[in-house]
Each structure stands twice: as C-alpha cells, then as structure tokens.
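The structure under discussion appears below in the form of structure tokens.
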Amino acid sequence: MTAAAPKTDRDDLARTSGPVIEAQGLGLTFQTADGPVHALTGVDLSIGKGDFVSFIGPSGCGKTTFLRVIADLEQPTEGTITVNGVSPREARLARAYGYVFQAAGLYPWRTIGANVRLPLEIMGYSKAEQAERVARVLGLVELAGFEKKFPWQLSGGMQQRASIARALAFDADILLMDEPFGALDEIVRDHLNEEVLRLWAKTRKTICFVTHSIPEAVYLSTKIVVMSPRPGRVTDVIESPLPRERPLEIRETPEFLEIAHRVREGLRAGHSYDV
Amino acid sequence: MTAAAPKTDRDDLARTSGPVIEAQGLGLTFQTADGPVHALTGVDLSIGKGDFVSFIGPSGCGKTTFLRVIADLEQPTEGTITVNGVSPREARLARAYGYVFQAAGLYPWRTIGANVRLPLEIMGYSKAEQAERVARVLGLVELAGFEKKFPWQLSGGMQQRASIARALAFDADILLMDEPFGALDEIVRDHLNEEVLRLWAKTRKTICFVTHSIPEAVYLSTKIVVMSPRPGRVTDVIESPLPRERPLEIRETPEFLEIAHRVREGLRAGHSYDV
Amino acid sequence: MTRILHHIAPVLAVVAAIVVLWYFAAVILNAPWVYDQAARAGETVGLAELIPATMAQERPVLPAPHQVAAELWDTTVEKKITSKRSLIYHGWITLSATLLGFVMGTVLGMLLAIGIVHNRAMDMSVMPWVIASQTIPILAIAPMIIVVLNSVGLSGLIPKATISTYLSFFPVVVGMTKGLRSPDALQLDLMTTYSASRAQIFWKLRFPSAMPYLFTSMKVAVAASLVGAIVGELPTGAVAGLGARLLAGSYYGQTIQIWSALFAAAFLAAGLVALIGLASRMVNARMGARA
Amino acid sequence: ADKVTLQLKWVTQAQFAGYYVAKDKGFYEEEGLDVEIKPGGPDIAPAQVLAGGGADVILDWMPSALATREKGLPLVNIAQPFKSSGMMLTCLKESGVTGPEDFPGRTLGVWFFGNEYPFLSWMSKLGIPTDGSAGGVTVLKQGFNVDPLLQKQADCISTMTYNEYWQVIDAGITPEELVTFKYEDQGVATLEDGIYVLEDALKDEAFKDKMIRFVRASMKGWKWAEENPDDAAEIVLENDATGAQTEKHQKRMMGEVAKLTAGSDGSLDPADYERTVATLLGGGSDPVITKAPEGAWTHEITDAALK
Amino acid sequence: MKARRSSTEVGWLIGVAAAVAAGTTLVRIEPDNPAGATVWVGIVATWAACWALVEWISRLDTSTSPRLRSALGILVPVLFGATVLFLWEGVVRAAKISPVLLPPPSMIWDRLITSTGILWADFVQTYLKGAVVGYVLGCGAAFLTAIAIDRSPFLQRGLLPVGNLVAALPIIGIAPIMVMWFGFDWPSKAAVVVVMCFFPMLVNTVEGLKSADRMQADLMRTWAASYWQTMFKLRLPAAAPFIFNGLKICSTLALIGAIVAEFFGTPIVGMGFRISTEVGRMNIDMVWATITVAALAGSASYGAVVLIERAVTFWHPSVRGSGR
Ligand SMILES: Nc1ncnc2c1ncn2[C@@H]1O[C@H](COP(=O)(O)OP(=O)(O)OP(=O)(O)O)[C@@H](O)[C@H]1O
Ligand SMILES: Nc1ncnc2c1ncn2[C@@H]1O[C@H](COP(=O)(O)OP(=O)(O)OP(=O)(O)O)[C@@H](O)[C@H]1O
Ligand SMILES: Cc1ncc(C[n+]2csc(CCO)c2C)c(N)n1
Ligand SMILES: [Mg+2]
Ligand SMILES: [Mg+2]
C-alpha cells in the first residue's frame, strides 16, 4: 500500500468485497402539516467497503436524511437500500454503525467520561476495556482531563469532540459522521482530519462523512457525493484520484485544487441564486 | 467611504466615538465540583464603535464566555468591563445586543416564523412591522417558505440560519455572533458573509464574531482577536489593514494571505501539541 | 373504523380480563357466606349451587359484575334524571362541585406557582407550607371548613368546591413550579439578551415550556378534585351526590349500591381525565409536537 | 316566620321521624316557625355546628353532651323525646359469648365520635379494661355498618334496637343465632337523642319563645309519628335526599323508635338524668365526666310548651 | 459595600419592629382584655412587618455562601410559619373564637407536649405501618405498571384508560371495601394508600417515559441498544424529573390516605382514629396536635423526596438553578 499505486489498491478492495451500501431509486418524503417535503429523490449510490465518502451540498439538501436512512433511523418512502447486503435494520441490530450526530446530543446526567463509556456499556465491553478505550479516545480528541465534567460545563466545540469520541470508542464497521468538525478550529480540525484518516487506513472502516468544507472533503475522501436540494438528489459523484497516503501538503497540489474546483462548481449549481 | 481611504475612515470613527466595549484585566473563573476552571484571565480589550471584531482560538479558550460576559449573561470574577460606557447590565436593559448563540436554540413550540418574530414581539414592534421584518430576514437567510415549519422539521443548517435571522430581525447596536456560520456550506457562507458585511456597512453596527475559519475572520474583520486556552487569554490583536469595501476576490491578495498567516501562527501557538 | 377498533380492542381485552378476574374473586370472597348460611340451615352445598349463590346475594362482600351493571342500568337509564334515586342526578351534583373546585384549584395552583417562581420570598416561605397543608387530612378539616363557611352564609356548592380546590391545587403547584423552571439556560439567555420583562419571559417562554407538566398535573388534579367533592358531600349531611350514595350504601351495607356509585365516580373521573388528555393533545399539536 | 335550624345527629331516617313529621304536617308552620332540618353524618359533630353558628338547636346523646359541657361548650337539654335507650351489644351465639363475664379476650365493635361513653362506662362498671391490657377486651372502631359481625372480624358489635340490629337480621342471620345485651337491661342506660341548645342563647327571651314553640311542635310530630308509624316512615323517605333508604327498613325502624319515645312527653325526667350522670361518673379511673354538672338541663321550655 | 451595610440595618430594624409589634399585641390580648381596634391594627402591622423581614432576608445575596443559603432556607419558612401561628393565636383570642371550633396554637402546643405517648403510638400505627408500606407498594406498582404499559402498545391503549378508571376511585369508596377485605388493622390502610398513590405515580411515569429527547433516543438505536438498556441508560434518567413529581405528590397523599382510611374502621390507635374520635369528643386541641404531627411527618417525607430528587436529577435545569 504505497502512494505509488493507490488506485489499484482501492479498486481491488471495492471489487473483491462488493458494495457495503447500495441505494437504488431511493426517495424520502416527509409529510408535514403544510404539504409533503421531498427530502430525497431518486438517489442511486454505491459505496464500497473501505470507502471514505464525503457528502457535500447546500444546507437542507438531504445529507442528514440520507445518513439517517442508512442508519435505519428514517424509513425511505421509495426505492431500496441495502447495507452489507442486508437491510439497514439488520445492519443496525448487528451494531454496524457508529454515528456522530450534527448536534452533540450528550446525556446531561452523565459526565463526559460516562457519556463516552455509554456505548461500551451497552455493547458489553469489560470494565477494564471500557476504561482503556475511554481514556484513549478522549486523548484523541484532546479532552483528557475532562472526564469528570458534565456536558453543560464544556464549550460547544468540546461537546462536539466528546460526541466524536463517543462514536470512535467502539468498533463499528461503518462510521457515519454528520459535520463532526463543524465547530472546531482549523488546527484541531487538521489534527482530527489526520487522526480520522489514520484510523480509516488502519481499520478499513467505511466512512460516510458530511462536511461543508470543500478542502476537507477533497482531502479526506475517496469519493465525493455532491447533492442539491429541493428535492434532495445526487448531482455528482467524484472519485478522487488522490493517493491513499495524504500529507497535509497535498492540499496545495494541482490535482487537489482541480477536484476542489469541480466540487465547488457542483455546489454552486445546486444553489438557487447566483453568487 | 471609498475603497481608497478606508483606514482613516475607520480610525476616525473609533476616535470620535470612544470605545464601545472596554475590558480591563477581565477574568472569569467557574467553580465546578472538581475545582475551579479559569475560563478567562487578564483580558484587556478595547472595541470601537463600528468595529467588526473576530474572535478566533482553539475550542474551549473562552470565546463564548467572553461574548457572554459582554452580553451580561455571565458575571466576571475579576477586572472590569464597560459597554457603551455603562455596565453590560445597563446596556442589556437598553437592548443594545443581538446575540446569535452557538447552538440554534429555537423554541420548539414556535414555528420558524414565530421564532424570528419573538424578539419583535418582545420589543413591541407593530404587527405590520413584524410581518415585514420576518419576511425580509427569512429571505436574507434563504428560508422564505419555511415560516410555517417547526424547528424539528428543519435541517441543522436551516435551524442555524433561522437563529441568525432572529438576531438580525431587530435593530441592536451590537451584534454578538457565536460561530453563526459553522454549519453552513461554503456557498451560503460566502453569501451570508457578504450580507453581514453589507449590513455592517449600512448600519454601522459593532459586531463581535466568533469563527473557526481563518479566511472568514480575515475577510470580515477590522480587528482579529486571537485567543489561547487554559487559562483563556488574548494572545494577539490584529488590526486589519484591508479596505472596508471587500470583494470576495480580496481573499487572494497578498495582504490577505499575510494576515491569515499571522492568525494561523497565533492559533498554532495556542495549541498544546505540535501539528 | 379500524382506527376506532385499534383503540377500543385493547380496552375491551383488558376489561374482559378484569371481569373474569372479578367473577373469580366474587366467588371466592362470597363463598364463606354461602357456606355459613348452609351450615346454619344444616345443609351442604356443592360447587354447582355455590357459584350461582355467590352471584345473587343481596349484600355480597364483592358484588358480581352483572349485579353492579344491573344496578347501574337501573339507576341511570330506568330512573328519571330528576329522581333522587337516579345516579345521573347525583353524578351531576358531584360533577358541578368537582368542576368548580377544579377550576379554582388549577387557577390557585398556577398563581402560587407563578409567585413561587418569580418571588424568592414566596419560594422560600410558601412552598413548605403548601406542602404542610397537604398533610392535613381533608376529612378532618372538611367539617370545620363546612361549619365555617356555613356560618358566613355559604352553603351548597361552594363549600364542596372549596374542598375540591384544596385537594386539587397541590398537584398543579408542584407540576407548574417544575414546569415553569424547566426552560434550559440557552432559552433563558435568549430572553435575557432581549432584556425581556418577567411577564414576557413568562408568557413567551416559561408558560409554553410548562405545558407538558401542567397537563400531567391537571390530570391528577381533576381526579383529586372529584375526591374532594365527594369528601365534601359527607359532612354537608350527605344530602345528595355520589358521596352521599357511597355513604348511605356503606351505612346500610348495600355493597351493590356502593360499587355502582363507585363506578359512577370512576367513570366521571376517567371522562374528565380523558377530556384533559384531549385538550393536551390539541395544545400539543398547536405547539408543533411530532405526531 | 321565625327561622330555626335543627342539626340532626345522623342521616335522615326514622330515628328523627318526629321532626320530619312536624315539618311535613305543618306543625312548625302552625307555631310560626320555619324549620330547616340538617341531616348529620359520620363526621358531623352537632355541638361543633352549634358552636359555629350553623344551627340553633341540635340533637345529641346525653353522655356526649355532658362531656362537651365539661369541655367548655355549655349545652343545655331543653327536651328529651326519647325515654329509653335503644343501644345494645349484639353478639353471634357461635362465638360463645353468653354473658358479660365472657367479654374478656373478645373483640368488640364500638362506635366512637362521642358515642363510646356508654360503652366505656359499662366496661368500667364491669371492671374490664378496654385499653388493650391483659384480661381486657379488644376494641375496634366500628364503621358505618354491621359488616364486622357478618365477616366475623368482631365477636360483638354495637347496634341500635331500631337500626343495625335489623340489618343483621336482614343479612340472613336469625334472632336465635344472636345474643343481645341491652344497655337498659344491664343497668347502664343513658339518655339518647335529647334536644340541646347553648346556655347563653336561652338568656334571650325571643329565642326561648322560639324553642318553646319548636319543642311543642316537635312533640306533636313525635306523637303523630307514634300513632301513624307507616305514614311517618313514608314522610322520612320523602325527605331522604340520597334516595338510599328502603321502605321496609324505615317502617320497621319507626316501629322500634316508637317504643323508645313512647314513655316521654318531651320533658326530661330528672331521675333518668341522675341515673345517666351516675353511670358516667362511675367510670373507675377514667370517668367520662369528672364531676356532676350543674345547669345541664332545664324544664323551662318543656313546662311552657306542654302546659 | 456601604449600601449593603445600610440594608442590613434596615433589615434589623424591621425585625425588631416585628418582634415588638408581636409582643405588644399579644400582651394586649390577654384573655380578659377585650379586643379593641388597636389589637387588630397590631395584628395587621405584625403581619406586614414579618412579611417585610422575610422579603428582605430572601433578597440577601447568598451566592457566595452555600451555608448561609441553606440556613436561610430553613429560617425563612420558620419565620413565615411563626407569623402564621402568631396571627392564628391573635385572631382566635381577639375574636374570641370558641376552642371547640379552632383552638389557639398555644393550646395545641400544650396538648402536643402532654400527650406525646399517645401521639407516638398513633404515628407508628398510621405512618410507619400504613403510609410507608402503602407508599412503597403503591408507587412501586404504578412504576412497574407504567413500564409494562410502555413495553406493550396494546397494554398502553388498554390499561391506561382502565387504569385511570380504577385509580380515580374515590378513597371514601375504597376505604370501607379495603377494611372489608383486609381487616381492621393497618394492612387495609396500606391498601388504600396503594390505590391512592397509584394514579399520580402512573400518570407521571408514563409521561416521563415519553420525555426522552429524539436525538438521544436515535443514538441508542444506532447502537442497537436493547429495550432495557435504553430504559435504564436513557429513558429512566430522562423520566426522573417526572417520576419525582409523582413521588412528591404521593408522599403527602400517602399520609392523608392512611389517616382518612382510619375513619372507616380501625383498632383504637392511629392518627385517623384519633382525629375522627376526638372531634366527636370536642377535644379539638388533640385533633390539631395530631394534625401537627401529620404535617411534620408529611413535610419530612416530602423533604426527603426532594433531597433525593436533587441528588438524582442534579442535571435538570430546574435543579441546576439556571431556571430561576
Ligand atoms: N458553566 C460552566 N461551568 C464550568 N465550566 C465552564 C462552563 N462554561 C464554560 N466552561 C469552561 O470554560 C472554558 C471556556 O469555555 P467557552 O465556552 O468560552 O469556550 P469557547 O472558546 O467558546 O470554545 P468553543 O469554540 O469550543 O465553543 C472551557 O474550558 C469550558 O469547559
Ligand atoms: N422530520 C422532518 N419533517 C419534515 N421535514 C424534514 C424533517 N427532517 C428534515 N426535513 C426536511 O428535509 C430536508 C432535508 O433535511 P436534512 O436535515 O437532510 O438536510 P441537510 O442536508 O442535513 O442540511 P444541513 O446541512 O443544513 O444539516 C430539509 O428541507 C428539511 O426541512
Ligand atoms: C361513625 C359512626 N358513629 C356512630 C354510628 C352509629 N349510629 C348510627 S345511628 C346512631 C344514633 C345517633 O342518634 C348512631 C350512634 C355509626 N354507625 N358510625
Ligand atoms: Mg444536516
Ligand atoms: Mg463557544
């Protein structure tokens, strides 16, 4: 797995193991008091094992909804979707997901440490393992020393980091992250970007990642899904030609800027007004 | 007010009207179950009328806390602070602030329209004026047509935009914005950046703006405050030499990149680890 | 149609289960008497005679469901509404006191809660005494309340409603206080930045936030109110109302009459609670709750 | 017409037939009175209603009235329509009780609320402790009905000849299966259902005059009721707002009550009074009243009413 | 600082004025002293002064000293209570209200200290046996029922309406039946308390179980947490504020229930027995002494529940204090 032959490496993988997430003609319409809202329509998408997929698109285009459908938190009203070849429900029951929500969603009656420990308790990890993992992931998001604090005693960004730690604490095949780094400054963000990439490289997780930052999307992903709203649909799927090994400096290379440009164009097209 | 003589323009303003916000030796310590947390220490800062001040710094460095102190939501434990020459409390009672919180904080039992209308009701605007303003600001944040929806029917970014609209709906001298654009994509963000700048130019508001985006900070501000954590303090205050009139393209100019670099360095210094 | 069935079927199932249990209990509880009677008469009874005998007693320990149903039918449908033997007549008397007491109790409870939330002196001094007031057994002071109110010329509905009020304001105070304090820091901070007045904070934030608590409390309060009205009917000389029926039934050991009055009271309470539930759902819908 | 409010000691029933008859037959009206009859109940202390101004005149048992008098509320007996006591203790024969000597170790149901004084006096006369100590009886506070006996929670319960006794019979127990101890027979009878007013009120001539007319009309009612028991019972039934009373029971009650009122023209027999006081004072360590009361009764009203 | 000092003095002044007014009024209404208008003025003045004092105390800044805060938390209600008692005494004496109707507090106090033996025995019978057992069983049963209802939507639609029905049965109706079923002693009282506590507890628990946040529940789903895991780790903690509401309401209801149940048949001991018989004997002071014991016991139970609530739901805005 060298930077020299990244393409084959990834292609191989996808080919050997088949798609992890496969959506066909997927649609979801919310019924509201003043008429239906078409959050997703005609989404066809195939995500291979070990892919790092970024979703990017204007606010309200259905990114969160799509992640929720994958995680079996929302039922599609049209089309089909399979995860690991089975329904999202079965995948969920098999504990295939780690989910970082757009808002932190920490439990106010638990300390930060206990919040991160929660999924481990539920999945029956041993006490020692729990303690070890909590310490490790809190270190990862730079919250060591905050175990004993309650959520309301943390800043917004710290809460978000705690919720990231919570999703990373256990071993899920598929990591769904909804704007996890939205409230973080550039430095921490860079740091966590690298950490996520390292984790991904090491564990071969499949990661679905919602972001609003074009550089972030390009830097992290093997596949970038550009969406547009009303009704929410996929307008472009960009397979990244970048090597799997990515130093931060890669962000200055022409290939990188080229992809970023394509994403920006796709994004702009999705906006109703002209800027 | 031409692009040719922006500096004098702004300097004049600051000089003639004296500082709007003046902090001296400001400190705030939270008492928690496991010891005190020094959220702010020794903050000296002077903000002139019509300034656009960005606060940037690692997560947990006290940005939110400082904004809250200005808005009289938190009482400093050391030092003094005046707003418009009076205490924050008096300024608050005079309804000097518009505040966009880090979390949207919409009232779940009110529709989006009613949420935006809330401050107008409280400040006693006429019904007609209320309707007119709600429509205008919702248009500004591109939420026209969503008046009748309830917050949970909106995406994360839409909720945040609603909360921005709510703060813009009434005329406050001082606008405190805590990462207002964190959950928005680049295109909307650019659009709103321009809108905020336009508003600022037109109304001469003083704006305190927390952001994690270095380009955003540099693009918007007349003054950039770089903070560092544990304990939270101001490490650098950068007066921007950029003209008041700022097309988006300014972000490619050397001056711009120069300031951005300085901010990035300051930010990096505040982080405990090396990246 | 299926929707109605969806709601009714479980109720019917539960009711059926209860009726079966009830018949069973009736046989067990009423059997000793049958045996006793037989022993006195020098006879023995087999199961075949026992079961019908336990279902047709005049003063059973536990009347069988059909006995109560027959009595209920007899005293509601068969009697003129104005008759003193009509349960509807007595039910209405109790209901009017209940409603008046409930309205007064809810208003009083809300006012107290508002005071407690807004005034520290009230918070510190009133709440302990509100609590203490609820530890005074109502039956003990009910006669005194009636005597006192009578001596100032109030009689009839008002004294009963007063006792209802006394019982029903407490759940409202407790729930409302909690509810009015339930907005979180962020929601309050927003109001602070608008430098909203206390009245504005109340109407626009605290009151809407307290809604779930208020309705839960009101459900408890309306049931308490009914109990209050019935308690109030005893020392007014047990003249009329479901309380009087209960008492008269007790006094003459007419268990069937007790149970039918009891059921009438329970149906009343359930109806009132259901009404509040309905109101709560309507308000919830207006406040944007998810379906 | 002058208004008079009468507070009964218990719910509307034939025990109070005389007053309902007097009202229904217009005897009160003839005397220029407008009488309101307030039914009682388990928690109504007539003396308290009187003190609170809720009634002008009340019915009470003499032991309780004298005890109340000692407590500082000066009740005065102005008439005594009931000559003899209807109280008794009713036991199941199968429990093995044959006489007072069998009481120790038994469970007895007793009415409280001021109705327990005759029982306590009797027990202290027998020398049987009632406080749960060895060799004594276990006392239960008996509720509204005769269930404790039927369900064998008590060996004996308190009954009135005109009421609870018949409920036991109605429940299917024959008189032969019961053993009864009438207080009259045990020599501990105390006066029941007298008419009482506040001593202070009697200083008012106008009030006194009202009471004279009230007693006269009431006694007329009683005598009518004694002669026409079935009609009297009907009148009571009509006045029962709860609609819970039965004709059979009320007619029988009227018959029994008539036996108790028969011997009285309304005036208190001082001998009966003395016997009652003696019984109450005789109660060993904890007598109901500590000294013989003074001024607890008057013939003023009856003398004027019955001449 | 200066402003603080002067407000302290004002407070003391008010306090002294209150005490003086109280003392003089009481002196003026010695038994044989006819109550004149001055007495009424004195009573009203005392009331006003005490209220002002309480108002002033409760405005003291206690943010720096939690100890002072808790001391004041006790002092203020005590002061308030003292005022009420004083007014009661004053009004009863001044208006010459018959002790058969309402005895003055001093008379009740005499009773309290001379009849401790009886009062204690009653307390054990009614509170420790009837109320506590009934409370535990009733709240426990309601809690379990709420969870059963929650588990099964079928039960929820079937049991809740029927549960409302059963639990709304008035105590006056149930008490005689319970005596019939469970005998004269305390078990029948406990049974009444069970029925009384059931409904408030059930309603609150059911409501509480609905109150978990959507997102927090979604999180549990993504982890495929089992029903019971979600219950214990999310829904019960989130329901705690509601559950404690129920527990609080029941803590006073239980005592009332146990007492009132004794009106319908009891051995000759118990607070309800005492109250119901002593009214008939015109010993109203004994009635109020028992009521005082009931009030103290009830308040103590309520206070205990509040303390537990504070500890368990420390995170709720209403406890954290931001809701003030
Ligand atoms: N109520 C509180 N109690 C205790 N500590 C608190 C409280 N609020 C904030 N803090 C602490 O104060 C510090 C500064 O918090 P603040 O919210 O101001 O950070 P911030 O700069 O806004 O960070 P972010 O960018 O993550 O929002 C943090 O360490 C936080 O843990
Ligand atoms: N529960 C709901 N009921 C009705 N409409 C909903 C609901 N949830 C989402 N929507 C609508 O569906 C659309 C897509 O929402 P979604 O949350 O998926 O957007 P998003 O792409 O995540 O946006 P953002 O970047 O702002 O988070 C929006 O128009 C939103 O208003
Ligand atoms: C609580 C209570 N007290 C007394 C009685 C008994 N009782 C019924 S009629 C009657 C005579 C009154 O004139 C009496 C004493 C009772 N059943 N319950
Ligand atoms: Mg989203
Ligand atoms: Mg912040």
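Computed over heavy atoms, backbone and side chain alike; hydrogens, waters and symmetry mates excluded.
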Chain A contacts, top residue of B:Leu154, B:Ile56, B:Thr211, B:Ile214 (heavy-atom pairs, under 4.5 Å):
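So the answer, after comparing B:Leu154, B:Ile56, B:Thr211, B:Ile214, is B:Ile214.
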Between A:Val37 and chain B, which part of the residue has a heavy atom less than 4.5 Å away: side chain, backbone, both or neither?
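Looking at A:Val37, just its side chain touches chain B.
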With only heavy atoms counted, which part of A:Phe146 is less than 4.5 Å from chain B, the side chain, the backbone, both or neither?
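For A:Phe146, the side chain is the part near chain B, not the backbone.
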Quick check on A:Glu195: does its CD atom have over 12 non-hydrogen neighbours (other residues, nucleotides or ligands) under 6.0 Å away?
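Buried by this count: over 12 neighbours within 6.0 Å.
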I'd like to know if the side chain of B:Ser59 and the backbone of A:Met158 have a donor-acceptor N/O pair within less than 3.5 Å.
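Confirmed, B:Ser59 side chain pairs with A:Met158 backbone.
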Once you round to the nearest 0.5 Å, how far does OG of B:Ser155 lie from CD of A:Glu179?
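B:Ser155 OG to A:Glu179 CD: 8.5 Å, rounded to 0.5 Å.
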Using a cut-off of under 4.5 Å for heavy-atom pairs, which of A:Gln153, A:Lys149, A:Gln160 has the most such pairs with chain B?
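Highest number of heavy-atom pairs under 4.5 Å: A:Lys149.
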If the condition is side-chain hydrogen bond (donor to acceptor under 3.5 Å, both in side chains), which residues does A:Glu255 pass it with, not counting sequence neighbours?
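Listed in chain order: nothing, the list is empty.
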